[in-house]
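The structure appears below as structure tokens.
We're numbering straight along the sequence, starting at 1. As the structure lists them, so they are numbered: ligands from 1, and atoms in each ligand from 1.
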Amino acid sequence: MTLLPNSAQARDVAYLLHPATNARKHEKTGPIVMSRGEGIYVYDDAGKRYLEAMAGLWSVAVGFGEPRLVEAATRQLGRLPYYHSFSGKSSEPTIDLAERLITMSPKGLDRVFFTNSGSEANDTVIKLVWFYNNAIGRPEKKKFIARQGGYHGITIASGSLTGLPANHRGFDLPLPQMKHVTCPHHYRYAEAGESEEAFADRLAAELEARIIEEGPETVAAFIGEPLIGAGGVLPPPATYWEKVQAVCRRHDVLVVADEVINGFGRLGTMFACEHYGITPDILVLSKQLTSSYLPLAAVLFSDAIYQGVADGSDKLGTFGHGFTASGHPVATAVAMENLDIIEERGLVAHAAEVGAYMQAKLRPFASHPLVGEVRGVGLIAGVELVADKATKARFEPGRVGPYLYGRGHEHGLVIRAVGDTICFCPPLITTEAQIDEMIAMFSVCLDETAAWVEAGMPA
Ligand code: PMP
């Protein structure tokens, strides 16, 4: 593709380094520049329409053109465009949102700390837990156990919790305090004939053995996404969460639920913790909190942790952590309006209903020659492509998933390929008719990909 001189594409290639992108390939292909959005659709700078089946990055709950969020932001910008929450300062929308999140979230969460991103939120979780354990006199208890395949962010510490090689390679990660146990994906990691429950037993036993091997007095917390998102949409095996929580409780290991993708209706419940019966000590939220119109994340935690941290701050003189934009009033005002919309329009119940419809429409693809597994809950799903259905053999990396992803763009469909798993995570406002439209486009893309594979995957 030739990039027209001075075009947005050419200037992008000249000046930007993109996240999660092969920079050399990008120099040749250039970007797709999105110019505007409306409902579940976005339009590029040439006016081409795309159905956004990923809600951006798993995040735009109320769609791309919600005027109420624009008005909420504008109102707050006019009143108080910025204030911070350092050294005892505060602002009204930030207090309102903190109270609301504590009121609506699972029992046992009593305090909120705001950050700008999920990565900062998980860094905050680590620092909060380290500070807490220092404050209550157990400075040895610092290790975190996460899962392979999990995603918790990309900063040095949160990126170390992430269990994806692509986020570690070349970065000298993970940090030594961050450990990883087996990915809870039955299709890939269960033994032949092992039931979901037996697989969950084995994973809980592995976690317990790992805690004992490390020394329970050194293990501070276990962190997981209730349903793994960015690692390829991996619902845990049945009974997994009740079993791993019991192990954590036995060894006084905190349970951290990272609901950055799962939260606010994605699985058809307000929080995925409700869906899986998780009672976390710490809950991490972001993305659909503001529909990503503005950056905002929140760490909710128990009173026990708060009391330890408050004592520690008193002893040391401060809780020396926070960001210039922690609890930014415009972001929190937008979150309040976004939550109003989710509640008034019944979008959680809607996601349960349309989600069940989407799952039912996707399941038949399991019999397609290229598909190994179709999985998901509510309005999040993954379709894993395999070279051999019987042996579950994978394709050579970096070919088939990206090819199908590219076919999607051709046909006006934005999906995501995590390896060879095609992910779907449309906005919560999506209708059944729009699911039909999405599935019809996907079906064409899948058949075209199968034909390309059949032809020997020409470059
Ligand atoms: N946790 C989870 C579960 C996520 O999916 C993500 C982002 N995809 C993050 C944390 C990191 O969030 P951010 O990109 O805002 O730093």
Check whether any side-chain N or O of [X] sits under 3.5 Å from a backbone N or O of [Y] as a donor-acceptor pair, and report yes or no.
| X | Y | answer |
| --- | --- | --- |
| Lys141 | Pro216 | yes |
| Ser158 | Asn122 | no |
| Thr103 | Glu99 | yes |

Show which atoms of ligand 1 fall inside a sub-4.0 Å distance from at least one heavy-atom site of [X].
| X | result |
| --- | --- |
| Asn122 | 1 (N), 10 (C) |
| Asp258 | 1 (N), 2 (C), 3 (C), 10 (C) |
| Tyr151 | 1 (N), 2 (C), 3 (C), 4 (C), 5 (O), 6 (C), 7 (C), 8 (N), 9 (C), 11 (C) |
| Ser117 | 15 (O), 16 (O) |
| Ile261 | 5 (O) |
| Gly118 | 11 (C), 12 (O), 13 (P), 15 (O), 16 (O) |

Pick from Leu227, Asn262, Thr269: which one makes a side chain to side chain contact (heavy atoms under 4.5 Å, CB included) with His275? Thr269

Does even one non-hydrogen atom of Glu259 get within less than 4.0 Å of ligand 1? no

Does Leu57 reach ligand 1, in the sense of a heavy atom lying below 4.0 Å from it? no

For ligand 1, is there an N or O atom under 3.5 Å from any N or O atom of [X]?
| X | answer |
| --- | --- |
| Ser286 | no |
| Glu225 | no |
| Val260 | no |

Kindly state whether the ring of Phe442 and the ring of Phe365 have centres lying under 6.0 angstrom apart. yes

Determine whether the side chain, the backbone, both or neither of Lys287 has a heavy atom under 4.0 Å from any heavy atom of ligand 1. side chain

Taking non-hydrogen atoms only, is Ala230 closer than 4.0 angstrom to ligand 1 via side chain, backbone, both or neither? neither

Any salt bridge linking Glu208 with Lys243? Criterion: basic side-chain nitrogen under 4.0 Å from a carboxylate oxygen. no

Quick one: do the [X] and [Y] side chains pair a donor with an acceptor below 3.5 Å?
| X | Y | result |
| --- | --- | --- |
| Lys89 | Ser85 | no |
| Thr155 | Asp123 | yes |
| Thr421 | Arg375 | yes |

Of the protein's non-hydrogen atoms, which lies at the shortest distance from atom 11 (C) of ligand 1, and what is that distance? Ser119 N, 3.5 Å

